[in-house]
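Remarks on the structure that follows.
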2 protein chains.
Amino acid sequence: MKKILDIISQAPLFNGLSQEQLSQIRQIAIDKFYDKGKTVFLESDDCNGFYIVVAGKVKIYKVSLEGKEQILHIYGPGNPFGEVPVFSGRKFPANAETILKSHLLFIPRQAFVDLISEHPSLALNMLAILSMRLRQFTVQVENLSLKEVPARLASYLTYLTDEQATGDFVSLTISKGQLASLLGTIPETLSRILAKMNKQNLIQVEGRNIKLLNRNGLEELAQHGKLQ
Amino acid sequence: MKKILDIISQAPLFNGLSQEQLSQIRQIAIDKFYDKGKTVFLESDDCNGFYIVVAGKVKIYKVSLEGKEQILHIYGPGNPFGEVPVFSGRKFPANAETILKSHLLFIPRQAFVDLISEHPSLALNMLAILSMRLRQFTVQVENLSLKEVPARLASYLTYLTDEQATGDFVSLTISKGQLASLLGTIPETLSRILAKMNKQNLIQVEGRNIKLLNRNGLEELAQHGKLQ
DNA sequence: ATCTATTTTTGACATAAGTCAAGGTAATGC
DNA sequence: GCATTACCTTGACTTATGTCAAAAATAGAT
């Protein structure tokens, strides 16, 4: 139980809230447990609230009729998801599925809207989170429309090194298939591009561990780069 | 002056606000006038507030180093834009340029944040707007990643007919070049696809006026369709 | 450890959409 | 009304990335 309040108090959404307000939130939250690969919601579903990841990992994604998947986000501990219909409409705009065994908190809609009306800082926190997501979408659209797959991959790898802060060593936290889906491509294409980057001594791939051999080259590639 | 308060009071952002609150907003707002094709802000710019369109039309877009443009949104009277950095960070995530002679209101950041803290309904309105935009981005990513250009175009055309509610007649409100950029393609490709749809009696193109000859066919195409 | 299932890689091929270039049409300003 | 500019269309060609199929490697379960 203590662990849950820890996650809650660390989450940007609840930044600056008092101890009392936090336990108020804990009281309206409902625990949900999922195995790996379980659907949390589908885009046709009605929405009575949103979720917060306590432990595990969740992907938000769309699928085409032909079965190709595009991952929109991957959320881990502390991240809320599924809030869009809480404020805008009735249905979820995408699907959510666990990619690890996960523990989620479900926050019922009305209780949260009541809370937010009372606490302006909670509203401002939520506005900040939604704004960050709009910014991320901006980048995602830019990547999909204006960059080729090698540039998107290079961009992701340099982003990951900063994120993990472990020198020039990166460890993929998702499968290569999922990474392909996140980058808007398919596993075959990703595999070929990783092989090419390897051959050109930009990176050194060993399973899910990747060593960045030429960070400048990758950053160049992320901008305007072509890969021979 | 009356016209401006009309626009403000119609805007979803100010839904449900009292007459007094509206004039409070009018007081902090600064009028800005732009000719067609003028830059409102660039993505590297600092942000001291956001804008509302009173008259005219503004495009929000990204450009690649090679010069290809991707339009993210087009906003008309009543729409706010550039709010993302007000709540998240310092810089704009994209560029804004007028595509018509335009009259904008600039709302300074701090004054608005103060207002929002006092009026929960203003916060909820803003949350609703940002949520709608997240939903739109969801669709845009889906279109770019999972659909081909003919499907995106068919989708846009059926959306426009509903929007304009003028039977099976649509009138493009932007140039075909801009439409190409909005759909994530280039004018040549758009032109060819319009010609093909014409040939297959899906539509009948006359300049910027398009008649939908086979709405069902277009909706089919928007989903999974291939165009021969 | 062995077997099974999933994930990843590689090859041969198809194709949607981009590039470059030129001509045509429409719109705008003087 | 004419000229200059911007917009749109068409053709020939290139290329990035998807498809299909099969083998190889890795991970999970018993």
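Because only heavy atoms are used, hydrogens play no part in the values below, and waters and symmetry mates are left out as well, while side chains stay in.
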Please determine if A:R215 and A:D162 form a salt bridge, counting it only when a charged side-chain N lies under 4.0 Å from a carboxylate O.
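Yes.
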Counting any heavy atom closer than 4.0 Å, what does B:G37 reach on the DNA or RNA strands: base, sugar-phosphate only, or nothing?
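The answer is nothing, as B:G37 stays clear of every strand by at least 4.0 Å.
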A:E148 or B:K36, whichever maps to the more 5' nucleotide of DNA chain D
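Result: B:K36.
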Once you round it to whole Å, what is the distance between [atom2] of [N] and [atom1] of [X]?
X	N	atom1	atom2	result
A:Q178	C:dT8	CD	C1'	14 Å
A:K147	D:dT17	NZ	C1'	18 Å
A:L144	D:dT17	CG	C1'	13 Å
B:N198	D:dC8	CG	P	16 Å
A:N209	D:dT26	CG	C1'	14 Å
B:K101	C:dT28	NZ	P	15 Å
A:L179	C:dT9	CG	P	11 Å
A:R208	C:dT8	CZ	P	6 Å

Can you tell me if the side-chain N/O atoms of [X] get under 4.0 Å from OP1 or OP2 in [N]?
X	N	answer
A:K176	C:dT9	yes
B:S191	D:dT9	yes
A:T189	D:dG18	yes
A:S175	C:dT6	no

Which residue lies toward the 5' end of DNA chain C, B:R192 or B:K196, if each is placed at its nearest nucleotide?
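Residue closer to the 5' terminus by nearest nucleotide: B:K196.
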Nearest-nucleotide wise, let me know which of B:I186 and B:K226 is further upstream toward the 5' end of DNA chain C.
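Comparing both residues, the 5'-ward one is B:K226.
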Can you tell which of D:dG18, C:dT8, D:dT17 lies closest to the side chain of A:K68?
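Within the option list, the nearest is D:dG18.
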I want to verify a distance call: between D:dT9, C:dT9, C:dA17, whose nearest atom is closest to the B:V149 side chain?
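Nucleotide nearest to B:V149's side chain: C:dA17.
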Please check if any side-chain donor atom of A:S181 sits under 3.5 Å from a side-chain acceptor atom of A:E69, or the reverse.
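Distance-only check passes for A:S181 and A:E69.
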Does the side chain of B:Y61 come under 3.5 Å of the side chain of B:Q70 through a donor N or O and an acceptor N or O?
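Short answer, no.
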Which label fits A:F137 and A:H73: parallel for a plane angle under 30°, tilted from 30 to 60°, or perpendicular past 60°?
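The arrangement is perpendicular - the two ring planes meet at more than 60°.
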Taking the side chain as every heavy atom from C-beta outward, state whether B:L105 and B:I8 have any atom pair closer than 4.5 Å.
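Touching, per the 4.5 Å side-chain cut-off.
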